[in-house]
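Below: the structure, in structure tokens.
When a ligand or atom number is given, it counts from 1 through the structure's own listing order.
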Amino acid sequence: MWRWFSTLAISFALLASAPAENISLTGGTVINPRDGRIIPKAVVSIKGNTIEDVSTAAEAKPAADARVIDCTGKFILPGYIDTHVHFFQSGGLFTRPDVVDLNAVRPYAEELATVKRTLPDTFARHLRSGITSVVDVGGPLWNFEVRKLASETAKAPRVAVAAQLISSVARPQLDLGDPPIIQIATPDKGRELVRKLAPQKPDYIKIWYVVSPDSPVEKFRPIVKAVIEESRRSKLRVAVHATELEAARAAVEEGADLLVHSVTDKPVDEAFVRLMQARGTTLTPTLVVFERYSRTFANKLELTPEEKTWGSAEVIASLDVTKLPEGKVPSRINDALANPDAVVERVRQTYEIALKNLKTLHDAGVRIATGTDAGNIGTIHGPSIFREFQLMREAGLTPMQILQCTTSNAARAFGGPTGVKLGAIEPGRLADMVILNANPLGDIARASDIHAVVKNGVVYPAESIAQ
Ligand SMILES: [Zn+2]
């Protein structure tokens, strides 16, 4: 029995890692945001899981044994990369009991069990949205298994992970034995946790630098410093959640590699912009998540057509707060329902700051990597990236700039030996691509008009990926 099982496991692993054929994508327009190059009537030669050659039709010498796929009229881009997701969260209403405790309606244990059981489906929804790589910037130790499962699953994005969040605040409601968030009170405890995680080779160490009256910026700063020092010693990169300007400044001064959200409390100042430039810190804006919690609670959620079509139907159904049983509605949701206009106005004010900050930092040459924070309440795994594109456009980024943030910049944030092979359509890169029906450079909304997705050298017609 065990023999049969292990053979099966091995053959599945091979299936995911070893595409068999050579493919030639001919006649499409290649858009390579890394250097802004556009190649009409291109020939992209794929050998196994790697891009071997990118030429014009006149120059190309397609391999004799290659399967030719006609891409005339199509637009070929590197696969999208979402640099901020959480697989331990579904995107549904019951996924953050520390924010709204709905255990009386649906026990959190049940929610987590569903999250784990439906992981392959969640992977497929990312791929359906053209997302061929993601960074999970924090969760339980189980995240390391998520990374492994994704690497063994064909219809899945490549996954980089952080594990437990080193936090300024406690979140006991999320602790069912493998807590995602760990409050750390001293620098030594911070170093200890980094040393405990290091053998599992996390792609990032994650710090949750949450500021409150009880936890001002300076109180947690020595822990941030110690954690970054210890991570450097283990050659690990550090991602920091810091949405207040002063916390973000402290994190970058201490050496953070990645800020995982926009600054939302005030406009960034010149000193901060110069600091980001000088340190080469990357920023992931996660604009979409800033509207989704509060809009969900106020029953003002406006999911995009992409989210409604490619998101999980069960997750989306859970977001209807009017279906909660009477008497079991948490005060945070009741308050939002009582005054939805005020909620929408606060979202508008947040965007007024966040969108302006994105434009300022981008114009200054700070590296921006696209990310959604998918998995949080109302932020749908996979297609929420298209709402993120809309908001980046509202901030004033051009389609080419948005695509660069989503491919080559995001590949740098993915990092490691895999990251250097992602994010561009160039010889030697991994064959992860999106094939579109329309030109996204004319309108970024067309980035969701997906004809097919190529992952690891395998071409998936869009309709075949997720139900
Ligand atoms: Zn997050």
Check: Residues two or more places apart in sequence or in another chain: which of them pass ring pair (Phe, Tyr, Trp, His ring centres under 6.0 Å) with Phe123?
Finding: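 Counting only residues at least two positions away or on another chain, Phe123 forms a ring pair (Phe, Tyr, Trp, His ring centres under 6.0 Å) with Phe87.
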
Notebook entry, point to check: Under the side chain to side chain contact (heavy atoms under 4.5 Å, CB included) test, which residues partner Asp443, sequence neighbours left out?
Noted result: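 Side chain to side chain contact (heavy atoms under 4.5 Å, CB included) check on Asp443 returns Arg393, Ala445, Arg446.
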
Item checked: Heavy-atom pair with the smallest gap, counting every atom of Asn32 and Glu426 -> ND2-OE2, 2.8 Å

Next item on the list: Provide the protein N, O or S atoms situated under 2.8 Å from the Zn ion (ligand 1); waters are not included.
Entry: His84 NE2, His86 NE2, Asp373 OD1

Checklist line | Short N-O contact, Glu192 and Arg195, less than 4.0 angstrom | finding: no

Notebook entry, point to check: Just one of Arg292, Arg125, Arg128 clears the salt bridge (Lys or Arg N to Asp or Glu O under 4.0 Å) bar with Glu307, so which one?
Noted result: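 Answer after filtering Arg292, Arg125, Arg128: Arg292.
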
Note to self: Can you list everything that forms a side-chain hydrogen bond (donor to acceptor under 3.5 Å, both in side chains) with Glu145? Sequence neighbours excluded, please.
What the structure shows: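 Once residues adjacent in sequence are excluded, Glu145 has no partner under the side-chain hydrogen bond (donor to acceptor under 3.5 Å, both in side chains) criterion.
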
